[in-house]
Colleague: 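One structure follows; several queries about it will come next.
For the numbers below, each heavy atom of this structure counts, side chains included, while hydrogens, waters and symmetry mates do not. The sequence lines fix the lettering, A, B, ..., with proteins before strands; numbering per chain opens at 1.
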Protein chains: 2
Amino acid sequence: MTPAATAAGTRDLPHPARDDIRLEGVLHALSDPVRLRIVRDLAADGDELFSCSHFDLPVTKSTSTHHFRVLRETGVIRQTYRGTAKMNGLRKDDLDVLFPGLLDALLAAAARQAARLGTD
Amino acid sequence: MTPAATAAGTRDLPHPARDDIRLEGVLHALSDPVRLRIVRDLAADGDELFSCSHFDLPVTKSTSTHHFRVLRETGVIRQTYRGTAKMNGLRKDDLDVLFPGLLDALLAAAARQAARLGTD
DNA sequence: CGGCTCGTACGATAGCCCTCGTAGTACGGC
DNA sequence: GCCGTACTACGAGGGCTATCGTACGAGCCG
């Protein structure tokens with residue numbers, strides 16, 4: 001018996017409830033370039049889900065895990081297991097209810113800056 | 001002669017040029033509750049300028065200075081001396097050019113959360 | 001079963017950041 | 001000239017965080 005992973009196949013990950021999402025936390029999560037990049041990539045493909053390894057990040061796997069966890073714990077993304085892969089999706093529905101228009105404005109701002117700096 | 005403060009009366013403060021303002025920096029600046037509160041208060045009164053001591057912040061004056069400096073160095077506010085007081089104003093014009101709609105969305109999100117949590 | 005890939009956990013390191021206290025500078029008024 | 005007010009500079013403490021390496025657990029595939 002494994003110590004922690006209770007049942008088999010479906011390990012659940014802790015997500016904050018929608019009402020527990022805080023603006024400060026979201027802004028802090030998005031103030032890191034790596035995490036902002038992840039969110040932009042997620043938003044670019046609509047409601048698609050992507051595994052962690054799908055992203056080409058300039059950090060090691062350990063650090064990736066850390067960033068994905070920060071995004072999940074602040075309520076920006078939702079993570080679910082699918083086999084050995086972990087699928088990531090934006091919590092756009094919840095964020096739009098809490099802060100209407102904010103996510104779109106942030107993504108637009110990020111896109112604009114990327115275009116301006118040629119760092120796309 | 002004082003070592004640093006060149007001329008008399010008008011000490012200039014270093015502000016980033018508009019094109020040097022970074023979205024990550026702005027988000028980081030606004031991810032602190034004290035600084036978010038400052039920005040909200042500044043935005044509430046339109047184009048008014050306020051001295052640092054005008055704000056009733058839950059921190060000491062040293063920490064206030066620190067927060068105002070962070071806001072200035074990230075390009076969120078503009079600071080100018082007026083006598084012994086330092087007047088603070090939002091750089092709404094520059095931010096609106098760089099990131100149209102972002103500031104309003106952020107302020108709306110902050111107001112919405114404050115109303116929801118009763119922390120106004 | 002044996003290995004392979006995906007992701008995690010843990011520890012360590014280094015850097016940043018929020019907070020404060022104290023000491024000091026700049027300006028205005030008496 | 002002198003004092004009070006407004007803000008700053010400096011240094012220190014404590015905590016968080018970004019990064020990595022290594023070692024490990026979970027599921028798939030041959």
Colleague: Rounded to whole angstrom units, what separation is found between the CZ atom of Phe68(A) and the P atom of dC6(C)?
Modeller: 13 Å

Colleague: Has Thr63(A) got a side-chain N or O lying under 4.0 Å from the OP1 or OP2 atom of dA18(D)?
Modeller: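 So the side-chain polar atoms of Thr63(A) never come under 4.0 Å of the phosphate oxygens OP1 or OP2 of dA18(D).
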
Colleague: In whole Å, what is the span from the CG atom of Asn88(B) to the P atom of dA6(D)?
Modeller: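 Asn88(B) atom CG is separated from dA6(D) atom P by 14 Å.
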
Colleague: Rounded to the nearest Å, what distance is computed from the CD atom of residue Gln79(A) to the P atom of nucleotide dC6(C)?
Modeller: 16 Å

Colleague: dC6(C), dT19(C), dG21(C): which one has an atom nearest the side-chain heavy atoms of Thr60(B)?
Modeller: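 Minimum distance to the Thr60(B) side chain belongs to dG21(C).
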
Colleague: Partners of Asp19(B) by side-chain hydrogen bond (donor to acceptor under 3.5 Å, both in side chains), sequence neighbours excluded?
Modeller: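 Asp19(B) satisfies side-chain hydrogen bond (donor to acceptor under 3.5 Å, both in side chains) with no residue once adjacent residues are dropped.
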
Colleague: Looking for any heavy atom pair under 4.0 Å, which part of the strands does Arg35(A) touch: base, sugar-phosphate only, or nothing?
Modeller: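 Since only primed, P, OP1 and OP2 atoms lie under 4.0 Å of Arg35(A), the category is sugar-phosphate.
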
Colleague: Suppose we screen for side-chain hydrogen bond (donor to acceptor under 3.5 Å, both in side chains). Which residues come up paired with Asp93(A), at least two apart in sequence or across chains?
Modeller: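 Not a single residue meets the side-chain hydrogen bond (donor to acceptor under 3.5 Å, both in side chains) criterion with Asp93(A).
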
Colleague: Go through residues 49-56 of chain B and report each residue with a non-hydrogen atom lying under 4.0 Å from DNA chain D, sorted by number.
Modeller: Ser51(B), Cys52(B), Ser53(B)

Colleague: Please identify each residue that fulfils side-chain contact (heavy atoms from CB on, under 4.5 Å) with Asp104(B), with sequence neighbours left out.
Modeller: Lys92(B)

Colleague: Who pairs with Arg22(B) by side-chain hydrogen bond (donor to acceptor under 3.5 Å, both in side chains), at least two apart in sequence or on another chain?
Modeller: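 Not a single residue meets the side-chain hydrogen bond (donor to acceptor under 3.5 Å, both in side chains) criterion with Arg22(B).
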
Colleague: Tell me, please, which residues at least two apart from Arg40(B) pass salt bridge (Lys or Arg N to Asp or Glu O under 4.0 Å).
Modeller: Asp120(B)

Colleague: In terms of the nearest nucleotide of DNA chain D, which residue is placed more toward the 5' end: Val59(A) or Ala85(B)?
Modeller: Ala85(B)

Colleague: If we count only N and O atoms by modelled type, under 3.5 Å, do the side chains of Ser62(A) and Thr65(A) hold a donor and an acceptor together?
Modeller: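 Side-chain D/A pair, Ser62(A) to Thr65(A): absent.
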
Colleague: If the sugar-phosphate is the primed atoms plus P, OP1 and OP2 and the base is the rest, what is the B/S/- string for nucleotides 9-16 of chain C, using protein heavy atoms under 4.0 Å?
Modeller: B-------

Colleague: Does a side-chain N or O of His67(A) approach OP1 or OP2 of dT19(D) to a distance below 4.0 Å, or not?
Modeller: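 So the side chain of His67(A) is within the cut-off, an N or O lying under 4.0 Å from OP1 or OP2 of dT19(D).
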
Colleague: If a pair satisfies ring-ring contact (aromatic ring centres under 6.0 Å, His included) and one of its residues is in residues 28-62 of chain A, list it, with sequence neighbours excluded.
Modeller: Phe50(A)-His54(A), Phe55(A)-Phe68(A)

Colleague: Using the side-chain hydrogen bond (donor to acceptor under 3.5 Å, both in side chains) criterion, which residues pair with Arg37(A)? Sequence neighbours excluded.
Modeller: none

